[in-house]
Peer 1: 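This structure is in structure tokens; I'll ask about it shortly.
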Amino acid sequence: MHWTYLFIAAGFEIIWAVGLKFTEGFTRLWPSVGVGAAMAASMFLLALAARGLPIGTAYAVWTGIGAAGTAILGIILFHESASALRLMCVALIVTGVVGLKLLQR
């Protein structure tokens with residue numbers, strides 16, 4: 001169950017990170033409220049996951065999924081660079097996350 005919490009927490013991290021773009025510097029109320037709610041949910045679920053997982057693993061997986069997911073959505077939603085080198089870097093992040101999951105006891 002702890003891994004489930006962690007993956008959901010990472011999903012909320014992606015939501016709030018991408019949502020920051022829509023807040024326009026926290027000048028738009030509803031996107032800002034949504035970002036705050038996603039941040040709170042993400043941190044709460046990370047805390048639940050950390051009850052049963054080493055914090056180093058939980059935090060690294062949480063940030064890795066968040067970083068990779070945000071980068072991918074940046075490419076899709078905001079037409080950010082999709083260069084081969086950038087995609088390779090995202091793949092390295094994903095590889096690290098998978099490695100941490102597989103090596104977890």
Peer 1: Taking all atoms of both residues into account, what is the closest heavy-atom pair of I65 and A10, and its distance?
Peer 2: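 Scanning both residues, the minimum pair turns out to be CG2-CB, 3.4 Å.
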Peer 1: Is there a donor-acceptor contact under 3.5 Å from the side chain of S42 to the main chain of A38?
Peer 2: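 No, the answer is negative, given that no donor and acceptor are paired below the 3.5 Å cut-off.
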Peer 1: Between CZ of R86 and CD1 of I72, what distance do you get to the nearest 0.5 Å?
Peer 2: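 Those atoms lie 10.0 Å apart.
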Peer 1: Around M39, counting heavy atoms of other residues, nucleotides and ligands shown, do more than 12 lie under 6.0 Å from its CE?
Peer 2: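 It does: M39 CE has more than 12 such atoms within range.
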Peer 1: So which heavy atom on A9 is nearest to which on L45, and how close?
Peer 2: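 Smallest interatomic distance, heavy atoms only, reads CB-CB, 3.5 Å.
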Peer 1: Let me check something: do W16 and I14 share a hydrophobic cluster, defined by ILVMFWY side-chain heavy atoms less than 4.5 Å apart, either directly or through other members?
Peer 2: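 In one cluster: no.
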Peer 1: Quick one: do W3 and L46 end up in the same hydrophobic cluster if we chain Ile, Leu, Val, Met, Phe, Trp and Tyr together by side-chain heavy atoms under 4.5 Å apart?
Peer 2: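 Looking at the clustering, L46 is in the same group as W3.
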Peer 1: Say whether F12 and M1 are linked into one hydrophobic cluster, either directly or through other cluster members, by side-chain heavy-atom distances under 4.5 angstrom.
Peer 2: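 In one cluster with F12: M1, yes.
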Peer 1: Quick one: sort the W62 and Y59 rings into parallel, tilted or perpendicular, breaks at 30° and 60°.
Peer 2: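 The arrangement is tilted - the two ring planes meet at 30° to 60°.
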Peer 1: Which pair of non-hydrogen atoms, one from A50 and one from I55, has the smallest distance, and what is that distance?
Peer 2: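 It is CB-CD1, 3.7 Å.
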Peer 1: For residues F78 and L73: do they belong to one hydrophobic cluster (side chain heavy atoms under 4.5 Å, members Ile, Leu, Val, Met, Phe, Trp, Tyr)?
Peer 2: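 They do share one cluster, since a chain of ILVMFWY contacts under 4.5 Å joins F78 to L73.
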Peer 1: Considering all heavy atoms of both residues, which atom of L87 and which atom of A82 are nearest to each other, and what is their separation?
Peer 2: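 Taking L87 first and A82 second, the nearest heavy atoms are CD1-O, 3.5 Å.
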Peer 1: Are F7 and V18 connected into the same hydrophobic cluster when the rule is that any two of I, L, V, M, F, W, Y join if their side-chain heavy atoms are below 4.5 Å apart?
Peer 2: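 V18 clusters together with F7.
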Peer 1: Let's go through V35 and F22 carefully: what are the C-alpha distance in whole Å and the side-chain angles of both, what is the deciding distance for side chain to side chain contact (heavy atoms under 4.5 Å, CB included) to 0.1 Å, and is it a yes or a no?
Peer 2: CA-CA 9 Å; V35 164; F22 297 100; over 6 Å; no
Peer 1: For a quick test of reading the model, state the closest non-hydrogen atom pair linking T23 to L20 and the distance between them.
Peer 2: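 The pair with the smallest heavy-atom distance is OG1-O, 2.8 Å.
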Peer 1: Identify the heavy atoms of A68 and V94 that sit nearest to each other, and give their distance.
Peer 2: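 Heavy-atom minimum between the residues: CB-CG2, 3.9 Å.
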Peer 1: What do you reckon, are the aromatic ring centroids of Y5 and F44 less than 6.0 Å apart?
Peer 2: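 Centroid distance Y5-F44: not below 6.0 Å, so no.
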Peer 1: Can you tell me how far CD1 of I93 sits from OG1 of T63, rounded to the nearest 0.5 angstrom?
Peer 2: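 The distance works out to 8.5 Å.
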